[in-house]
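Chain letters run A, B, ... following the sequence lines, proteins first and then strands; every chain starts at 1.
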2 protein chains.
Amino acid sequence: MSDVKKTLEYFEQANFPAVCQVCNARVHGICGALKMPELVHLGRYTKQRHLRKGEVIAFDEDDVIEYANIVSGVVKLTKILADGRQQIVGVQFAPEFVGRPFSDAVKITAEAATDIEICVFPKKALESMLDEAPDFERRLFGQTLVQLDEAREWMVTLGRKTASEKVASFLLLLTRHVAKPIAGSNAVHFELPFTRADMADFLGLTIETVSRQMTKLRKARIIEIENSHHITIPRIAALEGASEIET
Amino acid sequence: MSDVKKTLEYFEQANFPAVCQVCNARVHGICGALKMPELVHLGRYTKQRHLRKGEVIAFDEDDVIEYANIVSGVVKLTKILADGRQQIVGVQFAPEFVGRPFSDAVKITAEAATDIEICVFPKKALESMLDEAPDFERRLFGQTLVQLDEAREWMVTLGRKTASEKVASFLLLLTRHVAKPIAGSNAVHFELPFTRADMADFLGLTIETVSRQMTKLRKARIIEIENSHHITIPRIAALEGASEIET
DNA sequence: CGCTTCGTTGAAACACGTCAATAAGCGTGG
DNA sequence: CCACGCTTATTGACGTGTTTCAACGAAGCG
């Protein structure tokens, strides 16, 4: 059976939760591991939410720790030191899962970097799925391993790269997630979902240094800046060269 | 039944693999999730190895990707940039699991920071356990989540702390894992399982800066250095103060 | 003993941070 | 539509924490 036909049949099954029909997590996210009765069950406890840029995903609302799937938009994970110094420790895109299973002691904040749509469900609903559907746990485990890979790769960036390489690495990361190709060339373009302050917090720099490195990359013709949030990468290879890829 | 009696009964069961009897992973590690037949099965594919300080845990020996449990000693995980810059992205102690399930594409090196004993088993043995024993997968998932927490906490250290705070944070980390209390005081003491170069690679600093910050902490009476690898922490609270704990 | 590796310390260089001024974008209200 | 205030981004001048370069001492080992 062709992929197209499979997809058609798939969407013709009208009895699974309406919100899941347009949700990417249903296909590529953790919910893809769920069979119909499980999905319906989880759907009963699920609420959709829209959050504006800057709003925090509250995990302890109504005294119930909650989890979420990102339906659209970008989420940033931040940690803060006692004196206010801040570090972004992760960035997540649709259809990734947000939350820390099995522990509510981890001090981390999940905040909407753009306007976002999320699908929230209570702690208990997730943990019963975990026990009942082995594939579900496997997918969540897989996502966690990828996040660990990403965190470790970013540790190299934070610990050993120069300011210029850091900014280039960050733009390269975004290129992989939110860039759109430009017809008739091998250039790509994207809208930066972050402020300079966000970038600084992710890179362990100040906003001034980020700004200076951006103009440095622009003057070196490695990036083009239409305005501060619209970036074009004419040659990805050049950006990779400026990022000092690991061996 | 008392814990002691339980433990006695446990060790009287003579038919599980001899090496497991003294292995901490059998109790607190991932193997603790295995029942007798599974343990015997895994034991058949298991080999114990001694590695000297500096040796690399090879995961592709005999064309078979392998995994390992740490029986004793300390392991460091490192990543290297094309021009040789190096970053340690993780430190592991007994009885932790070493390896990256489900992928052999992650560029990371596991190296013995001290002389170590490990228990290695092939990819297939692990993955069949994963499919057959849900508790086993759950424990591995749990360890991965803890590693992710640790990695993110370390990102804050790398991105936002000063050299002095970095060194203090590192010593505090070791205090939690390898320190022994000193009788008749609330001081603790430990043998540093790392060279200054290792510390520098973990902290994103140079060896000279690490050395300078160590003497600075010594002069501030926050640490005592018997010789370069034997450290005493007279008051842990003072070290925590120098580490800038997160909120 | 020499040789090598490892750690410490000093002086100078520099990358990044800090402080400050200015401009650009954007919603609000007159 | 422009004026106003506010936030965000850019750029410059200057300061400083960390690196770089170098010398030296201590410890391990044939």
No-hydrogen, no-angle side-chain donor-acceptor test under 3.5 Å, [X] and [Y]:
| X | Y | result |
| --- | --- | --- |
| A:Glu165 | A:Ser243 | no |
| A:Ser169 | A:Lys161 | yes |
| B:Glu226 | B:Thr232 | yes |

Tabulate atom names and distances for all N/O pairs under 3.5 angstrom spanning the protein and nucleotides 8-11 of chain C.
from, atom 1, to, atom 2, distance (Å)
C:dT8, OP1, B:Arg196, NH2, 3.2
C:dT8, OP2, B:Arg196, NE, 2.8
C:dT8, OP2, B:Ser211, OG, 2.8
C:dT8, O5', B:Ser211, OG, 3.1
C:dG10, N7, B:Arg212, NH1, 2.9
C:dG10, O6, B:Arg212, NH2, 3.4

In whole angstrom, give the distance that lies between atom [atom1] of [X] and atom [atom2] of [N].
| X | N | atom1 | atom2 | value |
| --- | --- | --- | --- | --- |
| B:Phe194 | C:dG7 | CZ | P | 13 Å |
| A:Lys166 | C:dG17 | NZ | C1' | 12 Å |
| A:Lys216 | D:dA9 | NZ | P | 20 Å |
| A:Gln213 | D:dT11 | CD | C1' | 13 Å |
| A:Lys53 | C:dG25 | NZ | P | 15 Å |
| B:Arg160 | C:dC16 | CZ | P | 13 Å |
| B:Ile231 | C:dG7 | CD1 | C1' | 12 Å |
| B:His230 | C:dG7 | NE2 | P | 13 Å |

What distance separates A:Arg160 CZ from A:Lys166 NZ, expressed to the nearest 0.5 Å? 11.0 Å
Check whether any side-chain nitrogen or oxygen of B:His229 sits under 4.0 Å from OP1 or OP2 of D:dA27, and answer yes or no. no
Quick one: does any side-chain atom of B:Arg212 pair with a main-chain N or O of B:Ser164 as donor and acceptor, under 3.5 Å? no
Please report whether the ring centroid of A:Phe202 lies less than 6.0 Å from that of A:Phe194. no
